[in-house]
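For reference, the structure discussed in these notes is given below.
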Amino acid sequence: MEKIVITGGAGFIGSHLCEALLNRGYQVLCVDNLITGSEKNLESFKGNSNFEFKNLDVTRDQIDCSGASYIFHLASPASPVDYQKHPEETALANSLGTINLLKEAVKAKARFLMASTSEVYGDPKEHPQKETYWGNVNSYGPRSCYDEGKRFAETMVYIYRQKYDLDTRIVRIFNTYGPRMQKDDGRVVSNFINQALEQKPLTIYGEGKQTRSFCFVSDLVEGLMKLMFTEGLKGEVVNLGNPEEYTMLSLAEKIKAITGSSSEIVFKDIPADDPKQRCPDISKAKTLLGWEPRIKVDEGLVKTIEYFRSA
Ligand code: NAD
Ligand code: UDP
């Protein structure tokens, strides 16, 4: 049975990935320091004899990956509220943490997948964003710990790919949502749903004309596994996300309609460096992986709303 290490495995995406890999019969070692994740996310599968959880910090502890064939490196705070609360930890998880895991991958001769982000494109001047776009990113601002942390991590992956001929893959994940998001992570989907369910005002930052594209977590996890397990993709960088694009105003209205909420919509200041538009070009994922999202936003929102209703 093949062994897989997942850093950040107790987080939102990581826990779904652990579960999907266990369901496929892999042995999973989940490493997480629980800075933004939770052992609660592991509840439904922690009794599986193929699963092991270790509370370790990728920036400080040695993560023993011996015997592992694959390493998914997801450890990093990810929501703007979380990474701005923990800027140093975020920059370090992506810099030092990535270097530490790359060294482990070389030792174990494991295939290495790094979770990057659409944030490497910053406030993009090209739309939709293709993998070839270099981005428009502020190196000195509130989002830099994350954006530049991920850009540095990509560079380290490139170096290890060249220097050690490591089998690496980089996924640039676009906004993903679904069950096990934290209620207070400050992301737009969790905020709007919880505000709507509690009949509180839905808080739009700015005029609500900025756009995002939302991928349901099961689709994303399917894409992560395809990128890792498809042969012949050494060194590839691939966008994964749902290209259906919404303004934040239309998302607020959609969530109000699905929840049947009578909440009002209020407008607050837009945060610094908030990207105005974001939408993935997923033609590369379609061609290389035969992947595209299957869950429509309305369907995914219903599942996420059910989760928060019962959480
Ligand atoms: P999350 O915060 O729920 O999960 C991240 C996990 O990493 C948490 O469990 C956290 O405790 C852990 N972690 C952080 N620093 C660590 C450290 N030093 N050592 C060990 N564990 C550490 O976030 P998520 O949404 O599940 O994101 C997972 C990955 O996907 C991240 O790398 C993120 O940057 C990337 N990503 C997510 C999205 C999204 O929309 N959710 C978009 C783009 C990229
Ligand atoms: N946003 C909003 N209201 C909220 C939370 C977020 O209008 O309560 C906006 C935010 O300014 C951004 C978009 O929604 O333009 C997506 O924010 P999120 O934090 O989910 O992710 P980002 O794509 O910015 O990393």
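The basis for the numbers below is simple: all heavy atoms, side chains too, and nothing from hydrogens, waters or symmetry mates. Note that ligands are numbered from 1 as they come in the structure, with each ligand's atoms numbered from 1 the same way.
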task: Determine whether the side chains of Gln195 and Thr203 contain a donor N or O and an acceptor N or O closer than 3.5 Å.
output: yes
query: Who's the nearest protein heavy-atom neighbour of atom 17 (O) of ligand 2, and how far?
result: Val188 CB, 4.1 Å
- line: Nearest non-hydrogen protein atom to atom 15 (N) of ligand 1, with distance, is Ile35 CG2, 3.6 Å
query: Under a 4.0 Å heavy-atom limit, does Glu89 contact ligand 1 with its side chain, its backbone, both, or neither?
result: neither
query: Is it the side chain (CB and beyond), the backbone, both or neither of Leu34 that lies under 4.0 Å from ligand 1, heavy atoms counted?
result: backbone
Check each atom of ligand 1 against the heavy atoms of [X] and keep those under 4.0 Å away; list them by number with element.
X: Asn175; result: 40 (O)
X: Ala10; result: 9 (O)
X: Gly11; result: 3 (O), 4 (O), 8 (C), 9 (O)
X: Gly37; result: 8 (C), 9 (O), 10 (C), 11 (O)
X: Asp57; result: 17 (C), 18 (N), 19 (N)

query: What distance do His86 atom NE2 and Ile35 atom CD1 have between them, rounded to the nearest 0.5 Å?
result: 4.0 Å
Geometric N/O contact [X] with ligand 2, under 3.5 angstrom:
X: Arg143; answer: yes
X: Tyr83; answer: no
X: Arg187; answer: no

- prompt: In terms of atom number and element, which parts of ligand 2 are under 4.0 angstrom from non-hydrogen atoms of Gln210?
  reply: 9 (C), 11 (O), 15 (O)
Under 4.0 Å to a heavy atom of Glu119 - the qualifying atoms of ligand 2, by number: 22 (P), 25 (O)
Using non-hydrogen atoms of the residue, decide whether [X] is closer than 4.0 angstrom to ligand 1.
X: Thr7; answer: no
X: Arg180; answer: no
X: Pro77; answer: yes
X: Leu56; answer: yes
X: Ser116; answer: yes

message: Counting only heavy atoms closer than 4.0 Å, does ligand 2 sit against the backbone of Asn191, its side chain, both, or neither?
response: side chain
The single option from His127, Gln277, Glu245 passing side chain to side chain donor-acceptor pair (under 3.5 Å) against Thr211: Glu245
Among [options], whose heavy atom sits nearest [atom]?
atom: atom 11 (O) of ligand 1; options: Asp32, Thr98, Val31; answer: Asp32
atom: atom 34 (O) of ligand 1; options: Phe174, Tyr146, Phe12, Tyr177; answer: Tyr146
atom: atom 1 (P) of ligand 1; options: Thr117, Asp185, Thr36; answer: Thr36

I'd like to know whether ligand 2 has [X] as a neighbour, heavy-atom separation below 4.0 Å.
X: Gln195; result: no
X: Lys268; result: no
X: Pro80; result: yes

- prompt: Does some side-chain heavy atom of Arg278 sit less than 4.5 Å from a side-chain heavy atom of Phe174?
  reply: yes
Check: Tyr177 ring centroid to Phe192 ring centroid under 6.0 Å: no
task: May I have the step-by-step check of side-chain contact (heavy atoms from CB on, under 4.5 Å) for Phe112 and Ile71, ending in yes or no?
output: CA-CA 5 Å; Phe112 185 89; Ile71 299 172; 4.1 Å; yes
